[in-house]
Enquirer: 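This is the structure, below, for whatever I ask next.
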Amino acid sequence: MWDLFLSHYNYWIVIFLMMIGFYIVMSRHNLVKKLIGLNIFQTSVFLFYISVGKVSDGTAPIITQDISRYSNPLPHVLILTAIVVGVATTSLGLALVVRLKEAYGTIEEDEINDMDAAD
Amino acid sequence: MIVATNLALLAFLVITACAIARMRNLFVVTMLSGIYSLLSATVFVLLDAVDVAFTEAAVGAGITTVLLLGALLLSNSEARPRKHRFAHYGPLLLVILMGSALIYATLDPRMPKFGGAQAPAHTRVAPEYLRDTVRQVGRSKPTPVHIPNVVTTTLASYRGFDTLGEVVVIFTAGVAVMILLGGGTYRQRRRRGKASEAGKADG
């Protein structure tokens with residue numbers, strides 16, 4: 001039982017964080033908060049990849065003389081790219097939020113929908 | 001020791017995420033998301049992903065927080081409380097169902113155990129990169145790819161085109177942000193110009 005817990009704990013936490021992020025995206029009307037929820041979702045996927053790449057008793061993949069067991073460097077490379085792309089999409093989303101605020105005077109999604117329906 | 005730290009840090013991550021979901025003040029939410037990024041960077045160090053931890057701490061906790069603060073400056077800093085009391089039950093139910101389905105999927109015996117050296121992810125491409133880098137570093141004379149950090153060699157050499165694609169994505173996002181926000185300032189300038197003309201006409 002304890003073995004099962006230890007060997008799956010990271011996966012379960014990742015799923016829990018992913019679901020919290022998804023819940024924020026779905027249930028909150030505030031657009032900034034939706035973007036932060038999206039960030040939480042994203043980070044949970046990063047954690048999943050890094051957890052998969054971990055080898056027990058391994059070290060960081062930097063080659064030295066007397067170590068022969070390293071963690072998998074490939075997920076690290078993928079996630080390095082994903083983090084930077086994530087910031088690019090976040091900044092684009094925030095720019096859209098600022099423009100929406102200029103155009104509608106609010107950043108609540110349901111109010112914007114009501115205004116569009118009223119027109 | 002490492003296992004205990006891992007357990008504790010991941011529990012902190014969950015607590016921070018729950019707090020983010022509950023808070024309505026967007027400034028508090030921004031600060032909590034900075035803490036969240038920093039905590040995840042610590043977890044990355046623990047899981048041997050030091051380069052990822054660097055990037056997450058600099059980009060996730062640093063730049064994203066600054067961007068969020070800038071956006072809050074230009075818009076509201078308080079989220080409105082929800083209108084309908086029971087509106088969040090639907091998403092909650094969906095999330096619980098989906099989460100339990102995913103957890104059920106991890107209980108499959110074929111799911112690789114955390115830290116297992118025989119997992120499918122470790123058997124194909126990565127060992128070749130590692131072996132190649134070990135061979136390069138082991139030589140007495142430096143070779144063109146004489147960098148001990150395997151993540152760096154993979155990012156810049158073996159998978160260089162992926163990194164080029166990443167740069168294209170960032171460039172596109174930057175151009176899009178400049179179009180979106182630059183247009184706004186232009187409009188405001190024009191509006192201000194019109195207002196001052198009207199003021200002159202009145203005077």
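Quick note on labels: first sequence line is chain A, next is B, and so on, each numbered from 1.
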Enquirer: Please rank A:V87, A:V98, A:I40 by heavy-atom pairs under 4.5 Å with chain B and give me the top one.
Expert: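 Looking at each option in turn, the highest pair count goes to A:I40.
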Enquirer: Under a 4.5 Å cutoff for heavy-atom pairs, which residue among B:L72, B:T163, B:V59, B:V43 has the most contacts with chain A?
Expert: B:V59
Enquirer: Please classify the contact between B:L26 and chain A as side chain, backbone, both or neither, with a heavy-atom cut-off of under 4.5 Å.
Expert: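 The side chain, not the backbone.
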Enquirer: Within this structure, what is the CG-CG distance for the pair B:N6 and A:N10, rounded to the nearest 0.5 Å?
Expert: 4.5 Å
Enquirer: Look at A:L94, A:I24, A:D57, A:L74 and state which one has the largest set of heavy-atom pairs under 4.5 Å with chain B.
Expert: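 Going by pairs under 4.5 Å, I would pick A:L94.
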Enquirer: In terms of heavy-atom proximity below 4.5 Å to chain A, should B:V14 be classed as side chain, backbone, both, or neither?
Expert: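 Its backbone and side chain both get close to chain A.
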Enquirer: Atom CZ in A:R99, atom CG in B:L74: separation rounded to 0.5 Å?
Expert: 11.5 Å
Enquirer: Check B:V50, B:V150, B:D51, B:T153 against A:P61 for a side chain to side chain contact (heavy atoms under 4.5 Å, CB included) and give me the one that passes.
Expert: B:V150
Enquirer: May I ask you to test the B:S40-A:F46 pair for a side-chain heavy-atom distance under 4.5 Å?
Expert: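 With C-beta onward as the side chain, the pair stays apart.
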Enquirer: Applying side chain to side chain contact (heavy atoms under 4.5 Å, CB included), run through B:L155 and A:T81 and close with a yes or a no.
Expert: CA-CA 9 Å; B:L155 199 72; A:T81 310; 4.1 Å; yes
Enquirer: For A:L6, is it the side chain, the backbone, both, or neither that has a heavy atom closer than 4.5 Å to a heavy atom of chain B?
Expert: both
Enquirer: Could you tell me which portion of B:R124 (side chain, backbone, both or neither) has an atom closer than 4.5 angstrom to a non-hydrogen atom of chain A?
Expert: neither
Enquirer: Against chain A, label B:I2 side chain, backbone, both or neither, depending on which of its atoms sit under 4.5 Å from a heavy atom there.
Expert: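 Neither part; nothing is under 4.5 Å.
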Enquirer: Please find the pair of heavy atoms, one from A:V85 and one from B:E166, that lie closest to each other, and give the distance.
Expert: CG2-CG, 4.2 Å
Enquirer: Looking at A:V77, A:I20, A:N39, which one has more heavy-atom pairs under 4.5 Å with chain B than the rest?
Expert: A:V77
Enquirer: Measure A:L47 against the heavy atoms of chain B and call it side chain, backbone, both or neither at under 4.5 Å.
Expert: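 Backbone plus side chain of A:L47, per the 4.5 Å heavy-atom cut-off to chain B.
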Enquirer: Please examine the side chains of A:S71 and B:L47, heavy atoms only from C-beta on, and report whether any two atoms are closer than 4.5 Å.
Expert: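 They are not in contact (no side-chain heavy atoms under 4.5 Å apart), so the answer is no.
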Enquirer: Would you mind telling me which of B:D162, B:I20, B:V169, B:T30 has the largest number of heavy-atom pairs within less than 4.5 Å of chain A?
Expert: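 When all of B:D162, B:I20, B:V169, B:T30 are compared, B:I20 has the most.
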Enquirer: Of the backbone (N, CA, C, O) and the side chain (C-beta and beyond), which part of B:V151 lies under 4.5 Å from a heavy atom of chain A, both, or neither?
Expert: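 For B:V151, heavy atoms of backbone and side chain both lie under 4.5 Å from chain A.
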Enquirer: Please state whether the side chain, the backbone, both or neither of A:Y49 comes within less than 4.5 Å of a heavy atom of chain B.
Expert: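 It is neither, since no heavy atom gets under 4.5 Å.
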Enquirer: Taking A:K33 for the side chain and B:A21 for the main chain, is one N or O donor matched with an acceptor at less than 3.5 Å?
Expert: yes
Enquirer: For atom CZ of A:F5, decide whether the heavy atoms of other residues, nucleotides or ligands shown that lie under 6.0 angstrom number more than 12.
Expert: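 Yes, CZ of A:F5 has more than 12 neighbouring heavy atoms, counting only those of other groups under 6.0 Å.
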Enquirer: Of the backbone (N, CA, C, O) and the side chain (C-beta and beyond), which part of B:T64 lies under 4.5 Å from a heavy atom of chain A, both, or neither?
Expert: side chain
Enquirer: Measure the spacing between CH2 of A:W12 and CG of B:L102 and express it to the nearest 0.5 Å.
Expert: 13.5 Å
Enquirer: Is chain A contacted by the side chain of B:I63, its backbone, both, or neither, given a heavy-atom distance below 4.5 Å?
Expert: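 Side chain only.
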Enquirer: Minimum heavy-atom separation for A:K54 to B:D48, with atom names?
Expert: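 Closest heavy-atom pair between A:K54 and B:D48: NZ-OD2, 3.1 Å.
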Enquirer: Considering residues, nucleotides and ligands other than B:Y129, do more than 12 of their heavy atoms fall under 6.0 Å from its OH?
Expert: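 Count over threshold, so yes.
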Enquirer: For B:A17, is it the side chain, the backbone, both or neither that has a heavy atom under 4.5 Å from a heavy atom of chain A?
Expert: both
Enquirer: Could you tell me the separation between the CG atom of A:L96 and the CG atom of B:L181, rounded to the nearest 0.5 Å?
Expert: 9.0 Å
Enquirer: What residue in A:A82, A:G37, A:G58, A:G21 has the most heavy-atom pairs under 4.5 Å with chain B?
Expert: A:G58
Enquirer: With respect to chain A, which residue among B:L10, B:L67, B:V29 yields the maximal number of heavy-atom pairs within a distance under 4.5 Å?
Expert: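 The option with the most such pairs is B:L10.
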Enquirer: What I'd like to find out is whether the side chain of A:N72 reaches to under 4.5 Å of the side chain of B:L130, using heavy atoms alone.
Expert: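 With C-beta onward as the side chain, the pair stays apart.
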Enquirer: Please give me the minimum heavy-atom distance between B:A11 and A:Y9, naming the atom from each residue.
Expert: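 That closest heavy-atom pairing would be N-OH, 3.8 Å.
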Enquirer: For B:S33, is it the side chain, the backbone, both, or neither that has a heavy atom closer than 4.5 Å to a heavy atom of chain A?
Expert: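 When you check distances to chain A, only side chain atoms of B:S33 fall under 4.5 Å.
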Enquirer: What part of A:D3 gets within 4.5 angstrom of chain B, counting heavy atoms only: side chain, backbone, both, or neither?
Expert: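 When you check distances to chain B, no heavy atom of A:D3 falls under 4.5 Å.
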Enquirer: For chain B, find which of A:H76, A:E111, A:M26, A:H8 contributes the most heavy-atom pairs closer than 4.5 angstrom.
Expert: A:H76
Enquirer: If I compare all heavy atoms of A:Y11 with all of B:P112, which pair ends up nearest, and what's the gap?
Expert: OH-O, 2.9 Å
Enquirer: Is it the backbone or the side chain of A:K101 that comes under 4.5 Å from a heavy atom of chain B, or both, or neither?
Expert: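 Only the side chain of A:K101 comes within 4.5 Å of chain B.
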Enquirer: Measuring from atom OG of A:S91 to atom CD1 of B:I170, what distance do you get when rounded to the nearest 0.5 angstrom?
Expert: 9.5 Å
Enquirer: Closest heavy-atom contact between A:A95 and B:L180?
Expert: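 Minimum heavy-atom contact is CB-CD1, 3.9 Å.
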Enquirer: So which heavy atom on B:E56 is nearest to which on A:I83, and how close?
Expert: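 B:E56 and A:I83 have their closest heavy atoms at OE1-CD1, 3.4 Å.
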Enquirer: Any sub-3.5 Å donor-acceptor pair from A:S7's side-chain atoms to B:K113's backbone N or O?
Expert: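 Judged by distance alone, no pair lies under 3.5 Å.
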Enquirer: What part of A:T90 gets closer than 4.5 Å to chain B, counting heavy atoms only: side chain, backbone, both or neither?
Expert: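 The side chain, not the backbone.
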Enquirer: Looking at A:I79, A:T59, A:V32, which makes the most heavy-atom pairs under 4.5 Å with chain B?
Expert: A:T59
Enquirer: By a 4.5 Å heavy-atom criterion (distance strictly below it), what part of B:L68 contacts chain A: side chain, backbone, both, or neither?
Expert: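 Both backbone and side chain of B:L68 come within 4.5 Å of chain A.
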Enquirer: Pick whichever of B:N149, B:T152, B:L107 has the most heavy-atom pairs under 4.5 Å with chain A.
Expert: B:N149
Enquirer: Identify which part of A:L92 has an atom lying under 4.5 Å from any heavy atom of chain B, answering side chain, backbone, both or neither.
Expert: both
Enquirer: So for A:Y23, is it side chain, backbone, both, or neither that comes closer than 4.5 Å to the heavy atoms of chain B?
Expert: both
Enquirer: Going from OG on A:S44 to OH on B:Y36, what distance comes out if it is rounded to the nearest 0.5 angstrom?
Expert: 6.0 Å
